[in-house]
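Quick notes on the structure that follows.
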Amino acid sequence: MKSIQCLENDRVKLSLLDLSHTERLISIANDPDLLQYSPSEVHNPQLLRAYILEALNDFYKGTSIPFIIFDKYYQSYAGSTRFGMIDRENKVLHIGWTWLGREFRGTGLNDNVKFLMLEYAFEEMLMHKVEFRIDERNLRSRKAIEKIGAVLEGILREDIVLSDGYRRNSCCYGILKDEWPAIKRELKKKVSQ
């Protein structure tokens with residue numbers, strides 16, 4: 001597998017996240033509703049810095065690859081995402097920890113992000129399966145991942161504690177390597193429009 005520096009197409013550029021990106025992301029991160037379904041908090045510079053440091057720590061352990069998202073159409077940084085829980089032995093990883101500024105949602109940006117990440121996961125990292133875990137209540141994200149072609153495999157009950165103490169149920173979605181070619185064809189049509 002070649003070393004990853006960035007993933008890019010005509011719409012989006014995903015670059016490795018680092019601490020220097022704190023200032024570029026803080027205006028997006030300070031939206032209090034940004035991560036309402038996530039155990040993470042990023043709404044002030046200290047929390048965002050801690051979030052990035054945790055992502056970098058996992059990167060250096062080999063279990064995560066975090067990205068900053070740059071929207072080429074709007075010429076603006078739009079948020080963050082990552083590969084996580086990378087299990088090289090079993091060839092499984094998660095795509096998640098994705099957050100986009102309000103103005104970037106529903107613009108097609110996330111389809112482009114997911115296309116690049118899935119393509120890299122299956123074709124460069126040679127993963128057998130990509131998983132997504134989404135709060136059961138987050139219908140917008142669930143519908144978006146279902147539209148891509150991920151299959152709901154089950155619900156993990158009360159598996160994550162949010163910052164307010166709420167125990168969320170996580171919907172587990174997956175895409176297998178044998179499913180990727182058909183999903184790629186359909187997703188490629190969406191991102192080419």
- Message: Other residues, nucleotides and ligands only: do more than 12 of their heavy atoms fall within 6.0 Å of OH on Tyr166?
- Response: yes
- Message: Does this structure show an ion pair linking Asp111 with Lys114, if we count only N-O contacts that are shorter than 4.0 Å?
- Response: no
_For Phe115, does the six-membered ring have the charged nitrogen or CZ of Arg185 within the cation-pi criterion, i.e. under 6.0 angstrom from the centroid and within 45° of the normal?_
no
**Q.** Glu123 (side chain) donor-acceptor with Tyr120 (main chain) under 3.5 angstrom
**A.** no
Item checked: Lys72, NZ: over 12 other non-hydrogen atoms inside 6.0 angstrom -> yes
inquiry  = Counting only heavy atoms not in Lys190 (residues, nucleotides, ligands), do more than 12 fall under 6.0 Å from its NZ?
reply    = yes
Enclosure of Lys184 NZ (heavy-atom neighbours >12, cutoff 6.0 Å) = yes
One thing to verify: whether Arg105 and Glu103 come together as a salt bridge, which I'm taking to mean a side-chain N less than 4.0 angstrom from a carboxylate O. no
Quick note, ring-ring contact (aromatic ring centres under 6.0 Å, His included) partners involving residues 173-193, not counting sequence neighbours, are Phe122-Trp180
Problem - Atom CG of Asp10: over 12 foreign heavy atoms under 6.0 Å - result: no
Do Asn9 and Asn112 have side-chain N/O donor and acceptor atoms under 3.5 Å apart? yes
Acceptor/donor pairs from residues 18-28 side chains to any protein atom, 3.5 angstrom cut, sequence neighbours excluded:
unit_1 : atom_1 : unit_2 : atom_2 : d
Asp18  : OD1    : Ser20  : N      : 2.8
Asp18  : OD1    : Ser20  : OG     : 2.3
His21  : ND1    : Asp18  : N      : 3.0
His21  : ND1    : Asp18  : O      : 3.4
Thr22  : OG1    : Leu19  : O      : 2.8

